[in-house]
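Take a look at the structure below.
So you know, we letter chains A, B, ... as the sequences are listed, proteins then strands, and number each from 1.
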2 protein chains.
Amino acid sequence: MKKKAAEQPFGVKEIARRANVAIATVDRVIHNRPGVSPKTKSKIEAIIRELNYQPNILARRLASRHILRLATVLPKVSSQETDFWTLPVAGIQKAEEEIKQFGVKVEPFYFDLNDRKSFGKVTKQVLKNPVDGILLAPSFIEESVAFIRSCKELNIPYVFINSDIPQQESLCYIGPDLFRSGYQAGQLIRYCTPRNARVLVLNISHEIEDHHHLLRKEEGLRAYFQDTKRPIVKKDIRQTDQASIEKELSKALQQHADVRAIFVTNSRVAAVSRYLEKKGIDKDILLIGYDFTKENVSRLDQGHIDFLICQQPQEQGYRGIMALYQHLVMKVPVEKTHFMPIDIITKENHAFYNCDDHDYC
Amino acid sequence: MKKKAAEQPFGVKEIARRANVAIATVDRVIHNRPGVSPKTKSKIEAIIRELNYQPNILARRLASRHILRLATVLPKVSSQETDFWTLPVAGIQKAEEEIKQFGVKVEPFYFDLNDRKSFGKVTKQVLKNPVDGILLAPSFIEESVAFIRSCKELNIPYVFINSDIPQQESLCYIGPDLFRSGYQAGQLIRYCTPRNARVLVLNISHEIEDHHHLLRKEEGLRAYFQDTKRPIVKKDIRQTDQASIEKELSKALQQHADVRAIFVTNSRVAAVSRYLEKKGIDKDILLIGYDFTKENVSRLDQGHIDFLICQQPQEQGYRGIMALYQHLVMKVPVEKTHFMPIDIITKENHAFYNCDDHDYC
DNA sequence: CTATTTTCCGGGTACGTTACCGAAAGATAG
DNA sequence: CTATCTTTCGGTAACGTACCCGGAAAATAG
């Protein structure tokens, strides 16, 4: 049951012995601190490479008096519009629970998705505190770019979650591949509707950045039907309240009476389903949308929504924090992109969707 | 950036001080070792409760000279039959990589799924070594029950993976909910075939235990169609080579020419798809099967299989090890069952299925 | 060449636990 | 009552790393 651990891994002590220096000196070169002559420094570095020295994380965290502070910058959870962000937040908390033993602390900051100014205010707030890493949902592109410029100056690593801003040298991106998820929706529609049934794409959002986000999904869908002559129409709805959605939707359906499938490019699909149910046409039109929100799941369960495409939101939060942790504590390189699986949720399987991370089972 | 950690958590030192004893004595009661009088023991225990003492895992692992040995008992990977188990093994390795820093070592043992005697031999082998925890795929029920009886006597915790033996006081079960996955298959079939198209259920396996395993899926499928008058036929195939499968399958299809959907209750679906392709009827019959094996994915990609139902095999391995780790190292209670999500894999999304855990993307 | 600064480095303590060794009690035997 | 064993406990060296402090050597100034 109990045995001595294999003494394979060498420590600073062995390095110091071989280099004929003190442990403190080895420590200095490991942390790239000044006070070491170039000669001894290179000698020690050579030995470190030779022994393939791997610092003992436990001892390191134990001896270190620091605590790592991670900040999350996410949209406020608004139960009225969509509670999508509750799940990433849950994942973040789970991650924090796991690693707080290791001296990591997570401090959440929230901005208002309907108020781009709030984003700037919150990010300014973040940088006032001492922070070692940032998890960011870059909902507003311009403001985000400005923010991460500051981060770069301060040498604070940041990871993007849920939507990406490419070429911004983030530590990594964690979230969906938007194009492929639209492509996936295309496949579901092809399987479940007649060959030439019309498809209606609905982008429901009043923020322009977010809109760009939705566009990629639409592109994916169109790419799937590229070679077929499937009729596809698109409708942008800029007001996200139920009444406006219904009005616009009604107009669109009047104009195209042959619509047999609706692809809502975000989590507002519940509002659409309510309209279809009211009109008694929810069984005639295939309805596909996004995200595992409470309301969406409820309406999926009642049969008013056919498919929900999800991207493991709580896992995104969990991995976002863990990526920072891996980078800052474990000092291991992290992959640049973590595309989440494209999960297809139905009435039948929703109860089992990541059931161990929350209370649905 | 750097600050003193909150000194909130009390350690053994503080406990010793308050109890007017030495640290060693506190350590003795913490580990329930002999050599402490009942009086001082209860006094120390009271203080521990009062302070809500949480041991520092890092210091504990650092100071401990022990290494934890976990054994995995899984089916051998046979590329000929099915390489299903490569993914759980990958997950296990990933977990080991993550926690070997903490003094955990994983030692794999493999048995032959086609030879129940090998199971007994391997498990005997396992108990010869010193082992602190076991991850077990209980493919052979009787033998497994005997094995875990020994484990219980030796007080070694064990977790079941991929298939469960209920009421066996395992630390936990990690794997699919078989019934619900069959139910899910029903839903896919309803969506993708005409209302009264016949469904053929294929159980392809020559081991009886395994068969019982498959039966639950069939039950799920039938449960889905319970109220409808959907015609369903079932065929058991006891020989798993391609020729036997084709012979039996051909017989079944001759007998029921109106079959429009085939539900293969395990990963042998590729063999079926090969037959359908050969006969040129792979486009006429909806084919649903299980598991993300290389061959299955390849044939899914070529359009010969329509859906694969998967249960995150690598995640199962990962979580299995982590559950033991959580229990043995972190000493936190683990949930009794981890039902994995029921993932629906298609030509369109397979490339994104847990792509960060292996090399498919 | 001496005085002062700068550069470089070693000693040593701390982090919270584990676990070994041996000492002081107490119990038992003779 | 002494000798021996047993129970109960305290002191303390590790574990591998971080980091402070002070001292020697080297560089610069005077």
Protein-nucleotides 23-26 of chain D N/O pairs under 3.5 Å:
none

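Side chains of B:Q316 and B:N162: a donor on one and an acceptor on the other come within 3.5 Å.
Listed in residue order, the members of residues 39-64 of chain A having a heavy atom less than 4.0 Å from DNA chain C are A:T40, A:L62, A:A63. Remark: B:I23, B:A24, B:D27, B:H31, B:R33 in residues 21-33 of chain B come within less than 4.0 Å of DNA chain C through at least one heavy atom.
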Taking it one step at a time, do A:E96 and A:V104 satisfy side-chain contact (heavy atoms from CB on, under 4.5 Å)?
CA-CA 7 Å; A:E96 181 181 17; A:V104 179; over 6 Å; no
Please assess A:V131 against A:L127 for the test side-chain contact (heavy atoms from CB on, under 4.5 Å), listing each intermediate value before the final yes or no.
CA-CA 7 Å; A:V131 166; A:L127 293 181; 5.8 Å; no
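Backbone-only contact: B:G11 has heavy atoms under 4.0 Å from sugar-phosphate atoms and none from a base.
Heavy atoms only, all atoms of each residue included: B:L171 and B:K336 are closest at O-CD, 3.6 Å. Residues A:C172 and A:V334 come closest through the heavy atom pair CB-CG2, 4.3 Å. Taking all atoms of both residues into account, the shortest heavy-atom contact from A:L328 to A:P157 is CD2-CG, 4.0 Å.
Under the 3.5 Å distance criterion, the side-chain polar atoms of B:K105 are left unmatched by any main-chain donor or acceptor of B:I67.
A search for salt bridge (charged side-chain N to carboxylate O under 4.0 Å, His left out) contacts involving B:E14 returns B:R17, B:R18, not counting sequence neighbours. Evaluation of the side-chain contact (heavy atoms from CB on, under 4.5 Å) rule for A:E153 yields A:R149 as partners, not counting sequence neighbours.
Taking the centre of each ring, B:F102 and A:F102 come in below the 6.0 Å mark. Aromatic ring centres of B:F160 and B:Y158: separated by under 6.0 Å.
Applying the 6.0 Å contact sphere to NZ of B:K152 captures more than 12 heavy atoms from other residues, nucleotides or ligands.
Regarding contacts with the backbone of C:dT7, every side-chain N or O of A:S37 stays at 4.0 angstrom or more from both OP1 and OP2.
Per the geometry, NE2 belonging to B:H66 stands 8 Å off C1' belonging to C:dT18, to the nearest Å. A straight line from NZ of A:K13 to P of C:dG11 spans 14 Å, rounded to a whole angstrom. Look at CZ on B:R17: it is 15 Å from P on D:dG10, rounded to the nearest Å.
Relative to the ring axis of B:Y318, B:K94 places its NZ or CZ within 45° and under 6.0 Å from the centre.
Summary for the helix from C:dC1-D:dG30 to C:dG30-D:dC1: the axes at its two ends, each from 5 pairs, differ by 60° when rounded to the nearest 10 degrees.
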